[in-house]
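Chain letters run A, B, ... following the sequence lines, proteins first and then strands; every chain starts at 1. What's counted below: heavy atoms across the whole structure, side chains too, no hydrogens, waters or symmetry copies. Computed from a predicted model, the values in this text were never measured in an experiment.
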Amino acid sequence: MKRFLTPHNSVLIFALLLVCWSVYSFFSWCIKPLPDKIPDKIVNEINTKGFPGEPVFLSSQLMDDFVLNYPDLNIFPAGGEVLKNAENMKSLYVLEKYKTLKCSDISTDFAEKISASADGYLLKECVNGKGENSFNASSFIDKFKVTVFPSGRQIEFKRGVFKTGSSPWQKIESGSAKFSGKTIFAVSAHPLPEGNEIVIEIPQINRKASKMFIEYGIADSGKMKNSKPVDLKISQSEKEIILHSTDGVWTEHELEGFTSSEPIQVSLSTHDAGKRHFYFDIKYVAGEKE
Amino acid sequence: MKYRGGIDIKIPLTMILLALFYFFMLFYQAKQVAITDDARFYMSAAKSYSSYFENCNFSKKCFEKTTIDRYWKENSEHPPFAKLLMAGGYFIFHKKLKMLDEIRALRIGISLFAVVLLMFIFSFVRRAFSFNAAVFASLFFIFLPRTFFHARVATLDFAVAGTSFIFVYCYWRGFSSKFYAWMTGIAFGIALATKLNAPFMIVPVLIHFIYVKRHELKSNPVKTLFAPQFVSMLLFSLPVFFMLWPWMWHLTVKRFIDYVMFHAHHYGILMYYLGGIYSTPRPPWHAPLVMMLLTTPVLTLIFAFVSPLFYKWNKEEDSFSPMLLTILSAVVSISALMFLPAPYYSGVKLFQPFFPFLSVMSGAGLYFVLSGATLLPEKYKFAPAVLMFIPVIFSMIDLKHDHLSYYNEIAGGTKGAAMYGNERHYYDLFYYEMTEFFNRECAKKVCRVSFEPNEKEYDPSSEILKRAGYLTNKFHFSHIDSADYFVLTHEYRWRQYPSVLRNSGKLEKVYTIRRQGVDLVTIFRLNDGGK
């Protein structure tokens, strides 16, 4: 045995085993196609139990195809700095396969619960235990209606964006920004120059909300001296609230008397649109999921 | 059977066979190798150099400032040697013989130089270790997927790998050959005229020399230091460097300073590494090492690692310490990128000089292991060598010509790279498959095509392809607002990529370039077909 397991023989045997393992790995892993479908059981769970447009974060880039294959689900791909968007969300799903992603990896405020599993996929629910259960209108931005005045032109939702003007920053889309150093994911809505108004209609939803809030602010990137606030008018039926943004501050204001079963209009305007990196969201405080 | 001069005929025959095999591989379907984002600079400069020689015709005009400024200003931030290789291929194969299109003609100079490098590797290893080790080292070098890609494209990185190795080769041969000793300075001058990696090769050479000549240095330091190799370097390297670069013939000091300062303040280039996005600051110090470990075939790494362990170090001094020189050269080539405050990006592109030395070690290591192993009868003891290349050959065939997406088995292939947060590809490659797709789609209509997240590089690349007749002239680069097609390159190094991907969900997907199951590029149709 001693003569057989010389250093040279050992390395050779190891190398030959490595060849075998490499070839096996090549055929069983490297060139094996990746799935392009989420198991129906999991899609069903998200559609029936999840809040409208509830975000789904993938644990591995190997599932990134789902982003394109399931455009009606609010799926976030797995790589880059995507998880930063999730830090301040109230609740979200994690779809896990190939790589583990714990809710606590996203934020230590999240409690984790397994919602469903099928074919090696695990659907986990991450809920921020602080405060009440809620979800945000930014999760279903594709359902918004946007009109600019005085022209009255209705803007089409194209490639995730409502293009309200000809300049590259004149658009409405979901995204994240820092407010006093904290990352918030919301609706980015750069106002148009003075004399113009953007009206965003957020549709009713099939979910009763016990309370509703408007959250808004100018991101840290838009902070500047002598800036003009963005003027915000939130209306529903005969109810109307007028608010003004503050640079670098994310503000929450309760929409008392508002209901989730009717559309909400959010109107934006400003006296000076320079560097007005304005974000807003509607937060629906919901009960427990069924 | 003996050759002239007492050399066994199997040596030149094997060398030629390997060279032909390598050239065949490099040239096979060369049209299908993607266009890199820097090709436009180097190809344009190479064509300009070719025009310089054609127009001034080696007359006095060649030395005039106006002539030089006209033909050598293009891409003057990089030295010319690699571009001269491209210019040579362009002039001979495109302009004179009209055998090749513009792109392949500009690339063939680099590929031919790769074959020359292979022969130097073979020669070095044969002389230092053995004939069999030389064959193995050559094969290890040929089957380095990423280096193989760089040897097929019109860029500088492969050329500096070659000139660096040849410089070290000449230096080492210089211990036993006056010719090579005097050639050392010329080789170093050519290396300096290739890319900025070259000056670092002085370090392993100096350390090696001090070690090899340590006894003589003690007794006669001055005479020893003025060895023919170093005298040659002192006399010839700078003159050769300047001779090869006419741009430096006028306003020499200013232009040389500009050249150095450009690289001292090189703009950052994005890189996605282990889930992080880097540019300025650059990726951490370990990134070059980790990328090398993940993108070099595993068997190559294993044999390189065991090579110094099985080497008979007591015999080293008989042949002027080739193993020490190889290890030093490999370590310095990669360490320069790890520890110096230089920009680092794009896989293993920036330290290509490391890989010839790695191949030497791997070839020697495989030879040592097989010659010492007793598992097989003496007659067949080298037979297992063939098996060592099977995994990488499978991967290289599977990746077709897109070897910048190669990751080894430790990494889990391209799939594993994606899973663990590494770039699936880089270099803003204009893939041949994309060219074929648009040639089909735009056969009867103009197609306006936009690219995201990085739209900057594809317009110039598409112009190169159109000029060479690869891509239809009905392909028009366009802004997204007026585009008929949208090309999404799957690259997390762009911060906006995740939202671009999310925003593309409802678009009509018409084509995907996928390697090892991982999407590299997806093409969407935006309108009903363009005009």
Sequence neighbours excluded, every pair satisfying salt bridge (Lys or Arg N to Asp or Glu O under 4.0 Å) that has a member inside residues 366-385 of chain B: B:E378-B:K381
Checked B:I480, B:N408, B:L370 vs chain A; the most non-hydrogen pairs under 4.5 Å come from B:I480
Non-hydrogen atoms of chain A under 4.5 Å away: do they reach the side chain of B:F394, the backbone, both or neither? both
What residue in B:R514, B:Q516, B:K415, B:E409 has the most heavy-atom pairs under 4.5 Å with chain A? B:K415
Could you note down all residue pairs passing side-chain hydrogen bond (donor to acceptor under 3.5 Å, both in side chains) where residues 296-314 of chain B supplies at least one of them, sequence neighbours left out? B:Y311-B:E316
When the 4.5 angstrom heavy-atom criterion is applied to A:I31 and chain B, the contacting part is both
Relative to chain A, which segment of B:F303 carries a heavy atom at a distance below 4.5 Å: side chain, backbone, both, or neither? side chain
Check each atom of A:Y98 against the heavy atoms of chain B and say whether the ones under 4.5 Å are side chain, backbone, both or neither. both
Under a 4.5 Å cutoff for heavy-atom pairs, which residue among B:G372, B:S504, B:G276 has the most contacts with chain A? B:G372
Give me each pair satisfying side-chain hydrogen bond (donor to acceptor under 3.5 Å, both in side chains) with a member in residues 10-22 of chain A, each pair once, sequence neighbours excluded. none
What residue, out of A:L12, A:V23, A:D142, A:V82, has the most heavy-atom pairs lying under 4.5 Å from chain B? A:L12
Take atom CZ in A:F27; do more than 12 heavy atoms of anything else shown fall under 6.0 Å from it? yes
Atom group of A:F14 that falls short of 4.5 Å from chain B, counting heavy atoms: side chain
Within 6.0 Å of OH in B:Y420, more than 12 heavy atoms from elsewhere: no
Checked A:D64, A:V161, A:L16 vs chain B; the most non-hydrogen pairs under 4.5 Å come from A:D64
Rounded to the nearest 0.5 Å, how far apart are OG of A:S221 and NZ of A:K275? 7.5 Å
Among A:Q61, A:E81, A:K32, A:R159, which residue has the highest count of heavy-atom pairs closer than 4.5 Å to chain B? A:R159
Roughly how far, to the nearest 0.5 Å, is SG of A:C126 from OH of A:Y93? 10.5 Å
When heavy-atom pairs shorter than 4.5 Å are enumerated against chain A, which of B:G421, B:S395, B:P384, B:G416 gives the highest number? B:S395
Under 4.5 Å from any heavy atom of chain A - which part of B:V306: side chain
Heavy-atom distance under 4.5 Å to chain A: side chain of B:I390, backbone, both or neither? side chain
Please classify the contact of B:T512 with chain A as side chain, backbone, both or neither, using a heavy-atom distance under 4.5 Å. neither
Just verifying a value: how many Å separate B:L507 CG and B:I523 CD1, rounded to the nearest 0.5 Å? 13.0 Å
Surrounding CD of A:E201 (heavy atoms of other residues, nucleotides or ligands, distance under 6.0 Å), is the total greater than 12? yes
Turns out that what part of B:L366 lies under 4.5 Å from chain A's heavy atoms comes down to neither
Ionic contact status for A:D220 with A:K178, cut-off 4.0 Å: no
Against chain A, label B:T414 side chain, backbone, both or neither, depending on which of its atoms sit under 4.5 Å from a heavy atom there. neither
Strictly under 6.0 Å, is that where the ring centroids of A:F278 and A:H190 end up? no
Just give me the residue among B:L299, B:I302, B:V500 that pairs up with chain A most often, heavy atom to heavy atom, under 4.5 Å. B:L299
Checking heavy atoms, do the side chain of B:Y407, its backbone, both or neither come under 4.5 Å from chain A? neither
Taking A:D119 first and then A:K37, would you say they form a salt bridge - that is, a charged N and a carboxylate O separated by under 4.0 Å? no
Interchain contact, A:Y70 with chain B, by part (heavy-atom threshold 4.5 Å): neither
Among B:L309, B:I277, B:D398, residue most engaged with chain A (heavy-atom pairs, under 4.5 Å): B:D398
Is the shortest side-chain heavy-atom distance between A:T108 and A:F110 below 4.5 Å? no
Does any heavy atom of chain A fall under 4.5 Å from the side chain of B:L387, the backbone, both, or neither of them? both
Return yes when atom NZ of A:K163 has more than 12 non-hydrogen atoms of other residues, nucleotides or ligands closer than 6.0 Å, and no otherwise. yes
Do B:K506 and A:D72 sit within salt-bridge range, that is, some charged N less than 4.0 Å from a carboxylate O? yes
Side chain from CB out, backbone as N, CA, C, O: work out which of these in B:R424 comes under 4.5 Å of a heavy atom of chain A, or both, or neither. side chain
Please determine, by modelled atom types, if B:N454 and B:R493 share a side-chain donor-acceptor pair under 3.5 angstrom. no
Under 4.5 Å from any heavy atom of chain A, what part of B:S499 do you find: side chain, backbone, both or neither? neither
Which atoms of B:R495 are under 4.5 Å from chain A, going by heavy atoms: the side chain, the backbone, both sets, or neither? side chain
Side-chain H-bond candidate by donor/acceptor type, B:K509 with A:N69, under 3.5 Å: yes
Under 4.0 Å between a side-chain nitrogen and a carboxylate oxygen: does that hold for A:K124 and A:E96? yes
Under 4.5 Å from any heavy atom of chain B, what part of A:V19 do you find: side chain, backbone, both or neither? both
Take a 6.0 Å sphere around NZ of A:K145 and say whether it holds more than 12 heavy atoms from other residues, nucleotides or ligands. no
Which members of residues 165-176 of chain A, sorted by number, sit under 4.5 angstrom from chain B on a heavy-atom basis? A:E173, A:S174
What part of B:E452 is in contact with chain A, defined as an atom under 4.5 angstrom from a non-hydrogen atom: side chain, backbone, both or neither? side chain
